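See structure below.
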2 protein chains.
Amino acid sequence: MKNPIADLNKIFDSRIRLGVMSMLVVNNEISFNDLKQMLELTDGNLASHLNTLEQAEFIKVHKGFIGRKTSTTYSITVLGKQAFKAHLDALEKMIKKL
Amino acid sequence: MKNPIADLNKIFDSRIRLGVMSMLVVNNEISFNDLKQMLELTDGNLASHLNTLEQAEFIKVHKGFIGRKTSTTYSITVLGKQAFKAHLDALEKMIKKL
DNA sequence: GAAAGTGCTTTGTTTTTCAAAGTTAATTAA
DNA sequence: TTAATTAACTTTGAAAAACAAAGCACTTTC
């Protein structure tokens, strides 16, 4: 038998990054503010997790406007989608023995 | 919409504890050594994660023998099964929108 | 009787997480 | 026009968690 946790992606150990990704899988663009409110996080905390995901190239940023207000939105990348799916598959395989 | 990660159990953020639990769900008794080898961990690291799970009363310990050798085995508790299931349900709900 | 195995505990370092406060820039209210 | 607000950060620092390595008590095997 092989190590059941070896295929889990370390980046997704964090519930917050998991939450961000799961939200971005279904919504192709979400604002910083919406993420912050949905996940109930402080600015700094969210920003640093987003940064981790960005470094990994799992998400990308778009700086734009809503009306005349600045609005930063985030979306998932192809790589991000793949990695997230792979992680979920690994999770599923791990617990599929139920 | 409500916070998608609120129902995830913090104890299962750890890949290692997740791995231990998923192994104990399908095998009703696993030895310290087997867990250590399967998950590729050092003694101290495994022991401390097992301790966390034990504190939460999600697993319990049995000190016994295999032949004449000491053997410590672990099994999941009813509470542990419930908590693990609840966590998996929360995870599933979170990503079910796929 | 020396070496090795089991299952820890202790110690200390590294990594991760997080909140709080400060920052920049634009925007609206007074 | 100045003050206050909002958005989206960055920086700082503290607390928590993860982890490896070493030590330890006990037993067993060589």
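Predicted, not measured: the structure shown is a model, and the values here were computed from it. Convention: sequence-line order gives letters A, B, ...; per-chain numbering from 1.
Counting only heavy atoms from C-beta outward, the side chains of Leu18(A) and Ile5(B) never approach each other to under 4.5 Å.
With sequence neighbours excluded, the residues satisfying side chain to side chain donor-acceptor pair (under 3.5 Å) with Ser75(B) are His62(B). Scored by the side chain to side chain donor-acceptor pair (under 3.5 Å) test, Thr77(B) finds no partners at all (sequence neighbours excluded). In this view, Lys60(A) satisfies the salt bridge (Lys or Arg N to Asp or Glu O under 4.0 Å) rule with no residue, not counting sequence neighbours. For the side chain to side chain contact (heavy atoms under 4.5 Å, CB included) test, residues two or more places apart in sequence or in another chain that qualify with Gln82(A) are Val78(A), Leu79(A). Remark: Asn51(A) pairs with no residue by the side chain to side chain donor-acceptor pair (under 3.5 Å) rule, at least two apart or across chains. For Ser14(B), the side chain to side chain contact (heavy atoms under 4.5 Å, CB included) partners two or more places apart in sequence, or in a different chain, are Ile16(B), Arg17(B), His49(B). Not counting sequence neighbours, the partners of Asp43(B) by the salt bridge (Lys or Arg N to Asp or Glu O under 4.0 Å) test are Lys36(B). Lys85(A) pairs by the salt bridge (Lys or Arg N to Asp or Glu O under 4.0 Å) definition with Asp89(A), not counting sequence neighbours.
An angle of 0°, rounded to 10°, separates the two end axes of the helix from dG1(C)-dC30(D) to dA30(C)-dT1(D), each defined over five pairs.
Reading DNA chain D from its 5' end, the first and the last nucleotide to sit under 4.0 Å from a heavy atom of chain B are dA18(D) to dT28(D).
The ring pair (Phe, Tyr, Trp, His ring centres under 6.0 Å) pairs that include a residue from residues 12-42 of chain B are Phe12(B)-Phe58(B), Phe12(B)-Phe84(B), Phe12(B)-His87(B), where partners are two or more places apart or lie in different chains.
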*Going 5' to 3' through nucleotides 1-19 of chain C, assign each nucleotide B (protein heavy atom under 4.0 Å from a base atom), S (under 4.0 Å only from sugar-phosphate atoms) or - (no protein heavy atom that close).*
-----SBBB-------SSB

